[in-house]
Amino acid sequence: MLIRNRDTSFIAEREATPEHVFLNRRAFVAGGAALAGGLMVAGGRPAFAADTDPSASLYPAKSNPAYTIDRPVTLESANTNYNNFYEFGESKHISESAQALKIRPWSVQIGGMVDKPKEVAIDDLIKAMPLEERLYRHRCVEAWSMTVPWTGFPVKALVDFAKPLGSAKYMQVETFLDPKMAPGQKSFVYPWPYVEGLTMAEANNDLAFMVTGAYGKPLPKAMGAPLRLALPWKYGFKSAKSITKITFTDKRPTTFWQGLADNEYGFWANVNPDVPHPRWSQATEEVIGTSERRPTLIYNGYADKVASLYTDIKGENIFM
Ligand SMILES: Nc1nc2c(c(=O)[nH]1)N[C@H]1C(S)=C(S)[C@@H](COP(=O)(O)O)O[C@H]1N2
Ligand SMILES: [Mo]
C-alpha cells in the first residue's frame, strides 16, 4: 500500500512507484546477488500444514454455483507469494514470516451493542456456520487483482449468531495485537491493530463473506488464517485478516488505512475504475500470476448485487 510522506524517512522512489513494483525490484536485486554468490534462493515452506489444522476435515466444502466467475482462478502458489499482511512486513512476500502466526488456540470476541457479549473458540464457530465455497474477484487498491476460491460463510450468518441490537449501525472488526508474534506491529508508523468496518446493511448483504479456507483447505496463514473477510466489491484493504474481535457500534470506525492517510483511503472504498486514487489510476488492474492487465469494473463486477446499498448515501465519496 502506498502511503503519503507522513514519515520523511520514506525514500523518494517509494513515493513515486507503486509499492509492489518497488519491492519486487528490490527482491530481484537481492535474488541476483544471492545467485551471483552461488547460493540458491530458498523455495519457501508450504503456506500451511492442512493435515495438522483441527478444521481440516471440513474441507473441501460444497461450492455455491451462484458465485462463479468468468476468469481463471489464480494459482495457489501465485496467491501465497503475493500478499498484503503488514503485521508480517511491508513486502508482498510474507508467507515465510507469517508462519509465526499462531492460529490455535484462537478465539473471537463478539461485543459492543449486542444482546450478550461472548467469546467463541474458532473451531466452535466454524462448526456452527454453514461452510461453502465461492469464487470471488479480489481487487487491491494498488491496481492488482486475483480470483480466489474462498471457503467460509456469509457475514450475515455471523451477525445472526452475534445478535446485535437494532440500534447498531456498524460492524467493526479487528485483527490481533501481538508485536512479539508479528514484528510489523513494532513499527509505530502504523495505527495497530488493523481495524475495519462495514455498515449493517453491507454486513447483511449476500456478497459479504467471512472466510475460513481457500483452495479447498483451511486458510493459509499468509491469507489471514483462521478468519478473514472477503468483500469483493470493495478494495482489498477492507477485507481484514486474522480477526479476533467483532464489535457492533453506532459510531463509524476509523479504519487502519484511514488512520494512516485519510485523504487516500476512506471508509467506503468501493471499486470504481473512473475514480482514480489521488496518485494513480484505477482504470485497469494487473492480474497476478499472468502477464495480463484488464479493465477494472465498477464495484469490481458486482454492481447488480451491491449498488443499491449506496443510492441513499449523499455528500460522501463512496469510491475512496
Ligand atoms: N490484518 C490485515 N488485514 C489485511 C491487510 C493487512 O495488512 N493486515 N492487508 C489488506 C490488503 S491491502 C489486501 S489487498 C488484502 C490482501 O489479502 P491477500 O494477501 O490474501 O491477497 O488483505 C487486506 N487485509
Ligand atoms: Mo490491498
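Given the structure is predicted, the values throughout are model-derived calculations rather than measurements. Atoms within a ligand are numbered from 1 in the order they appear, just like the ligands themselves.
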Mark the output for S239 as yes if a heavy-atom distance to ligand 1 is under 4.0 Å, and as no if none is. yes

Pair W192 + Y86: ring centers closer than 6.0 Å: no

Are any of the N or O atoms of W150 closer than 3.5 Å to those of ligand 1? no

Over 60° means perpendicular and under 30° means parallel, so classify the ring planes of F237 and Y235, tilted if in between. parallel

Contact list for residues 101-130, test ring-ring contact (aromatic ring centres under 6.0 Å, His included), sequence neighbours left out: none

Any G224 heavy atom less than 4.0 Å from ligand 1: no

In ligand 1, the atoms that come under 4.0 Å of a heavy atom of A240 are 3 (N), 24 (N)

Just go through F176, F85, Y194 and tell me whose heavy atom is the nearest to atom 10 (C) of ligand 1. Y194

Atom indices of ligand 1 within 4.0 angstrom of C140 heavy atoms, with elements: 14 (S)

Any N/O of Y82 closer than 3.5 Å to an N/O of ligand 1? no

Just checking F319 against Y310, ring centres under 6.0 Å apart? no

Proximal ligand 1 atoms for T175, defined as those under 4.0 Å from one of its heavy atoms: 1 (N)

Is H138 touching ligand 1 with its side chain, its backbone, both, or neither, if touching means heavy atoms under 4.0 Å apart? side chain

In this structure, would L75 and I288 fall into the same cluster of hydrophobic residues linked by side-chain contacts under 4.5 Å? no

Nearest heavy atom to atom 15 (C) of ligand 1 wins, so pick from P193, S95, G89, G236. G236

Taking the ring of Y299 and the ring of W233, is the distance between their centroids below 6.0 Å? no

Kindly confirm or rule out an N or O of R228 lying under 3.5 angstrom from an N or O of ligand 1. yes

Any Lys/Arg nitrogen of E202 or R252 sitting under 4.0 Å from an Asp/Glu carboxylate oxygen of the other? no

State plainly whether the residues R104 and D53 are in salt-bridge range, i.e. N to O under 4.0 Å. yes

Check whether any heavy atom of E142 sits under 4.0 Å from an atom of ligand 1. no

Any nitrogen or oxygen of N83 lying under 3.5 Å from a nitrogen or oxygen in ligand 1? Just yes or no. yes

Can you run down the ring-ring contact (aromatic ring centres under 6.0 Å, His included) pairs that involve residues 204-224, sequence neighbours left out, and say none if there aren't any? Y136-F209

